[in-house]
Amino acid sequence: MRQFSVCLSFGFLLTLFVFSSTTPAQAQWKPLHWKARQDLNILLPPSVQVYESYGTLPDGAPLHAQYTLVDLTDKNLKFKAVGDNLARFSAKEFGEQHQALIAINGGYYSGTASSSLIIQDGTVLAPPPTHNPNPVKSPAKGAFGMVHGKPDVAWNYNFNALPYAFTNPQARAVQNQTQAQLWPASQAIGGGPVLVENRKIKIASAAEGFGGTHLWRHPRTAIGYLDSTKVIMMVVDGRQQGSAGVTLEELAQIFVDLGAQEAVNLDGGGSSQMVALQEVVNLPEGNRNVLRRNASAFLLKQQQVSAQKKVLIFDTEGSAYTERGLWQASNYLNFYGTSPARVASVSPEPTSALFRFDSL
């Protein structure tokens, strides 16, 4: 049994976290069915909405995915890329530091630095791949950025400490700066490979230097856009019983199904995290309460922070909760809050749990 969390807003509107089962296996790819996360959306601006899907892949493997749709016609919204080459923080910690509405993990990193581009407020915090005579060692990488107030995905490269963008990843191989244009992104996060271009799947893994096990099914984080005002921030869970993860092609197909014009893959695996209002939205590999610390994150903020709607959480350690029979703390992972989930023990006497809401 999981502990229950209740969000109250607009009077006494009540929403419980509900987990649905996966759908039967399909013989061929079918678009996912998305359901709004009303427990989160009632607390977010109407221009920021979270969606979730429980489905199956063509071979019958289960899939759990979630995305946030951002409407940039709301001028109070602003993206912000954050990162640190030395310190490491989870997406939740990055979000807390900057009062973010939404936070997803960013690009790849090593033990000492970010391996992917980070541009914050027009300043390059971590450069894209740097010029090297051997393109195999430093190919152009996919990146998402806000350019003149509009979302863009490009193959990014570093010339003279400045980020340049290629229109084709293969163009990088000729080492010709004249084939690239300066990419004046105000906020940007690198990753790779690019998934979608012109609303069609376009994955040049080899040209961007990706191969091997990276192409297998994994937890994934990605970002793309439908048009100049609609951005999609997505996380797909994987490596767990409830969700196998996706290949790059499967991830790209999900974006195409949603109508994405362009999209790019970010760091995945145990790094994949999405956080909304400090609530971990997805089920990160292992434990949502022990999040991997990464080198970067991509945040959605408000220019003027609005007052938070009231939230009441009914926890198993609160006075509104009582148990009958034999219960104990479980060793289940991914429970909400700080209190471990409770589980009923086998007992001849009746076992029940009660939440009282009459204290509202």
Side-chain angles (χ1 to χ4, degrees), residues 1-9 14-22 37-40 42-43 50 52 54 62-66 88-97 100 102-105 219 221 235-245 269-294 297 308-360:
M1 178 177 178
R2 294 184 182 278
Q3 70 180 58
F4 292 89
S5 177
V6 179
C7 295
L8 297 179
S9 180
L14 177 65
T15 303
L16 293 177
F17 293 116
V18 178
F19 297 92
S20 62
S21 61
T22 56
R37 280 285 303 265
Q38 297 295 358
D39 56 311
L40 296 172
I42 61 174
L43 304 175
V50 181
E52 181 176 48
Y54 286 89
L63 182 67
H64 178 220
Q66 43 279 308
R88 297 286 179 264
F89 300 99
S90 67
K92 185 174 182 178
E93 290 170 328
F94 274 124
E96 289 172 343
Q97 293 168 11
I102 304 292
I104 58 173
N105 63 287
T221 302
V235 169
V236 179
D237 289 328
R239 301 176 188 167
Q240 52 191 276
Q241 186 175 2
S243 187
S271 296
S272 287
Q273 303 164 23
M274 180 182 288
V275 180
L277 295 173
Q278 307 313 313
E279 173 68 46
V280 181
V281 176
N282 68 310
L283 299 176
E285 183 185 12
N287 191 338
R288 65 154 43 92
N289 297 296
V290 181
L291 301 176
R292 178 179 293 179
R293 291 177 168 175
N294 306 309
Q308 292 293 316
K309 300 181 177 71
K310 187 176 182 180
V311 176
L312 299 180
I313 298 177
F314 287 79
D315 188 85
T316 54
E317 293 183 355
S319 59
Y321 173 80
T322 56
E323 295 174 344
R324 180 183 179 186
L326 297 178
W327 291 78
Q328 62 184 5
S330 79
N331 59 356
Y332 298 152
L333 303 178
N334 291 317
F335 54 83
Y336 285 95
T338 58
S339 304
R342 303 285 290 172
V343 63
S345 301
V346 177
S347 168
E349 62 179 299
T351 303
S352 63
L354 175 68
F355 281 94
R356 298 187 62 86
F357 302 113
D358 53 6
S359 60
L360 298 179

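A donor-acceptor distance shorter than 3.5 angstrom exists from the side chain of Gln240 to the backbone of Leu283, with no hydrogens or angles considered. Without hydrogens or angle criteria, Glu93 side chain to Arg293 main chain gives no donor-acceptor distance under 3.5 Å. The main-chain N or O of Ala341 is found under 3.5 Å from a side-chain atom of Ser330 such that the two form a donor-acceptor pair. Distance alone, capped at 3.5 Å, places no donor-acceptor pair between the Glu323 side chain and the Ala353 backbone. Formation of a donor-acceptor pair under 3.5 Å by the Asn294 side chain with backbone atoms of Ala91 is not found in this model.
Taking each heavy atom of Ser90 and Gln273 in turn, the nearest pair found is CB-OE1, 3.7 Å. Shown here for Thr316 and Pro340, the closest heavy-atom pair between the two residues is OG1-O, 4.1 Å. In this structure, Asn287 and Leu291 approach most closely via the heavy-atom pair O-CD2, 4.1 Å. Taking both residues in full, the closest heavy atoms of Trp327 and Arg342 are given as CB-NH2, 3.5 Å, listed atom of the first, atom of the second, then distance. When all heavy atoms of Tyr332 and Val343 are compared, the pair lying nearest together is OH-CG2, 4.1 Å. Contact between Thr351 and Ser345 at its shortest, heavy atoms only, is OG1-O, 4.2 Å.
None of Val280, Asp237, Val236, Asn282 except one satisfies the side-chain contact (heavy atoms from CB on, under 4.5 Å) rule with Met274; the exception is Asn282.
Aromatic ring pairs are classed by plane angle as parallel below 30°, tilted from 30° to 60° and perpendicular above 60°; the pair Tyr321 and Phe355 is tilted.
The side-chain hydrogen bond (donor to acceptor under 3.5 Å, both in side chains) check on Arg88 picks up nothing, with sequence neighbours excluded. Evaluation of the side-chain hydrogen bond (donor to acceptor under 3.5 Å, both in side chains) rule for Thr221 yields Asn105, Ser272 as partners, not counting sequence neighbours. Remark: Arg324 pairs with no residue by the salt bridge (charged side-chain N to carboxylate O under 4.0 Å, His left out) rule, at least two apart or across chains.
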Practice problem: Go through Leu40 and Val281 one step at a time and tell me if the side chain to side chain contact (heavy atoms under 4.5 Å, CB included) criterion holds. | Solution: CA-CA 9 Å; Leu40 296 172; Val281 176; 3.8 Å; yes
